[in-house]
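Take a look at the structure set out below.
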Amino acid sequence: MSRKGLGNNEILALLVLGIIYGIGYVISVIFSFIAEAIEKFSKMVKNAVDQVNLFFLRYWDNGVIPVALIILLFIIICVIVLIVALKIKKQKKIRIEEDLRQKKILEEQEQMEREELALREYIKEQEILREKEAETLRKKIGRVRVSDDIQDYVISRRDYARGNEKEAIYRKRFMLDLLKVFGNKCAICGRSDNGFDLDHFIIPKNYGGNFVLMHKDGYLVNNAVPLCQTCNRSKSDESYEEIFASEEELYEVLKKNKKMTVMINDDEDFCETIKSL
């Protein structure tokens, strides 16, 4: 009778059992090592705790630890008090700085309001002053202004003709005087380098204006101004009030015109000649 060998299944089962046994053995060795390590560590901890207890009991009995704890507690309290004091001081400083900032803002706002009020008052004063100056100037213009109503003057058919006898006599007698009164300058632009010609000032020529007008009240009125060639061409049909840039310039020209009117009426021979034509 022959002996049969192990089959594959039996070999595999034996191999698995061997592996399980090996793993179990390794785990038991590891746990044994861990248990021994824990036991040694526990002993070390117990010894350390015992030493600390002995140290604590030894120094507690002679009062060192209570004193140390009291000192430590005092230090902690001092540190806490110092931290709180510093925090309070910091908050107080912040409040003071904020109060100063708010005060500065209020002062700046008040200063701005004062400056704005002062500026408004200044502007108002300047407006009042300008109005007074304008009113004064209007009164001055009123004193030197002559009537621009043709109904106030004696005008004949011959007065509409340019270069008539009245204008010729005026040029001959008062041309140089007129230029002298106006400083040898154009009445509009003030230039003296562009030639001169006489222009009708108050009453235009197409309304019967001569260089000299005869008022219904019997006196003569100057109606001529010196203009340079450029201003004479550009003046066109504008009225005498429109050709000047400002009332100040108009006043100065009216004042010179009045001076010429006085000069004309002081010349009795000239007045008799004009009135006789």
Practice problem: Report the C-alpha separation of Y153 and M214 in whole Å, then their side-chain angles, then the decisive distance to 0.1 Å, and conclude whether the side chain to side chain contact (heavy atoms under 4.5 Å, CB included) test is met. | Solution: CA-CA 6 Å; Y153 299 97; M214 187 166 63; over 6 Å; no
Quiz prompt | Contacts of D99 that satisfy salt bridge (charged side-chain N to carboxylate O under 4.0 Å, His left out) - sequence neighbours left out | solution = none
Quiz item: Heavy-atom count around R158 CZ within 6.0 Å, excluding the residue itself: above 12?
Solution: no
Quiz item: Any idea which heavy atoms bring C228 and C189 closest together, and the distance?
Solution: SG-SG, 3.7 Å
Exercise. Check the pair K124, E121 against salt bridge (Lys or Arg N to Asp or Glu O under 4.0 Å), reporting the backbone distance first and the verdict last.
Key: CA-CA 5 Å; K124 185 176 180 180; E121 291 178 351; over 6 Å; no
Quiz prompt | Listed once per pair and sorted, the side-chain hydrogen bond (donor to acceptor under 3.5 Å, both in side chains) pairs that draw on residues 258-276, sequence neighbours left out | solution = R173-D267
Quiz item: Hey, what do you get for NZ (K140) to CG (L250), rounding to the nearest 0.5 Å?
Solution: 13.5 Å
Quiz prompt | Side chain to side chain, N232 and F196, heavy atoms closer than 4.5 Å | solution = no
Quiz item: Could you walk me through whether R191 and N194 pass the side chain to side chain contact (heavy atoms under 4.5 Å, CB included) check?
Solution: CA-CA 7 Å; R191 292 179 60 182; N194 195 23; 3.9 Å; yes
Quiz item: Same hydrophobic cluster for I128 and L119, using side-chain heavy-atom links shorter than 4.5 Å among ILVMFWY?
Solution: no
Quiz item: Does the pair Y219 and I264 meet the rule for a side chain to side chain contact (heavy atoms under 4.5 Å, CB included), with working shown?
Solution: CA-CA 9 Å; Y219 62 88; I264 288 170; over 6 Å; no
Exercise. Compare all side-chain heavy atoms of L198 with those of L178 and state whether any distance is below 4.5 angstrom.
Key: yes
Quiz prompt | Polar contact flag, side-chain donor to acceptor under 3.5 angstrom, N184-S192 | solution = no
Quiz item: Mind checking whether V262 and F182 sit in one hydrophobic cluster, side chains of I, L, V, M, F, W, Y counted as touching below 4.5 Å?
Solution: no
Exercise. Output yes when a side-chain donor or acceptor of Q111 lies under 3.5 Å from a complementary backbone atom of E107, and no otherwise.
Key: no
Self-check item: Note, E135 side chain near K132 side chain (heavy atom, < 4.5 Å)
Solution: no
Exercise. With sequence neighbours left out, write down each residue that passes side chain to side chain contact (heavy atoms under 4.5 Å, CB included) with E97, or none if nothing qualifies.
Key: K93
Quiz item: Taking N47 for the side chain and K43 for the main chain, is one N or O donor matched with an acceptor at less than 3.5 Å?
Solution: yes
Exercise. Measure across I203 and D148 and return the closest heavy-atom pair with its distance rounded to 0.1 Å.
Key: CD1-O, 3.5 Å
Exercise. For atom NZ of K216, decide whether the heavy atoms of other residues, nucleotides or ligands shown that lie under 6.0 angstrom number more than 12.
Key: yes
Quiz prompt | Residue pair K255, R143: steps toward the side chain to side chain contact (heavy atoms under 4.5 Å, CB included) verdict | solution = CA-CA 9 Å; K255 187 168 62 172; R143 288 194 292 268; over 6 Å; no
Quiz item: Is Y25 reachable from V16 through a run of I, L, V, M, F, W or Y residues, each pair having side-chain heavy atoms under 4.5 Å apart?
Solution: no
Practice problem: Would you sort out whether R120 and E116 count as a salt bridge (Lys or Arg N to Asp or Glu O under 4.0 Å), showing the intermediate values? | Solution: CA-CA 6 Å; R120 287 200 298 267; E116 185 177 355; 3.1 Å; yes
Quiz item: Same cluster or not: are F31 and I23 linked, directly or through other Ile, Leu, Val, Met, Phe, Trp or Tyr residues, by side-chain heavy atoms under 4.5 angstrom apart?
Solution: yes
Quiz item: Got E125 and L129 here, is their nearest side-chain heavy-atom distance under 4.5 Å?
Solution: no
Self-check item: Pair N164, D159: side-chain N/O donor-acceptor within cut-off below 3.5 Å
Solution: no
Quiz item: Can you find a side-chain donor-acceptor pair between Q102 and E98 that sits under 3.5 Å?
Solution: yes
Self-check item: Minimum heavy-atom distance between E247 and I141, given as atom pair plus value
Solution: O-CD1, 3.7 Å
Self-check item: V212-L176 co-clustered via ILVMFWY side chain contacts under 4.5 Å
Solution: no
Practice problem: Could you tell me whether the side chains of Y251 and R145 share a donor-acceptor contact shorter than 3.5 Å? | Solution: no
Self-check item: Residues, nucleotides or ligands: over 12 heavy atoms within 6.0 Å of E165 CD
Solution: no
Quiz item: E249 and I188: which non-hydrogen atoms are nearest, and at how many Å?
Solution: OE1-O, 4.4 Å
Quiz item: Side chains of E248 and S246: is there a donor and an acceptor less than 3.5 Å apart?
Solution: yes
Quiz item: How about F211 and F201: are their ring centres within less than 6.0 Å of each other?
Solution: no
Practice problem: May I ask you to check whether E113 and Q109 show a side-chain donor-acceptor distance below 3.5 Å? | Solution: no
Quiz item: Does the side chain of Q229 reach to within under 4.5 Å of the side chain of D197, using non-hydrogen atoms?
Solution: no
Quiz item: Which atom pair, heavy atoms only, marks the closest approach of L179 to P226?
Solution: CD2-CB, 3.7 Å
Practice problem: Mind listing the closest non-hydrogen atom pair of F270 and I169 along with its distance? | Solution: CE1-CG2, 3.7 Å
Quiz item: Which distance, rounded to the nearest 0.5 Å, do you find between the CD1 of I202 and the CG of D149?
Solution: 12.5 Å
Practice problem: Determine whether the side chains of N223 and Y170 contain a donor N or O and an acceptor N or O closer than 3.5 Å. | Solution: no
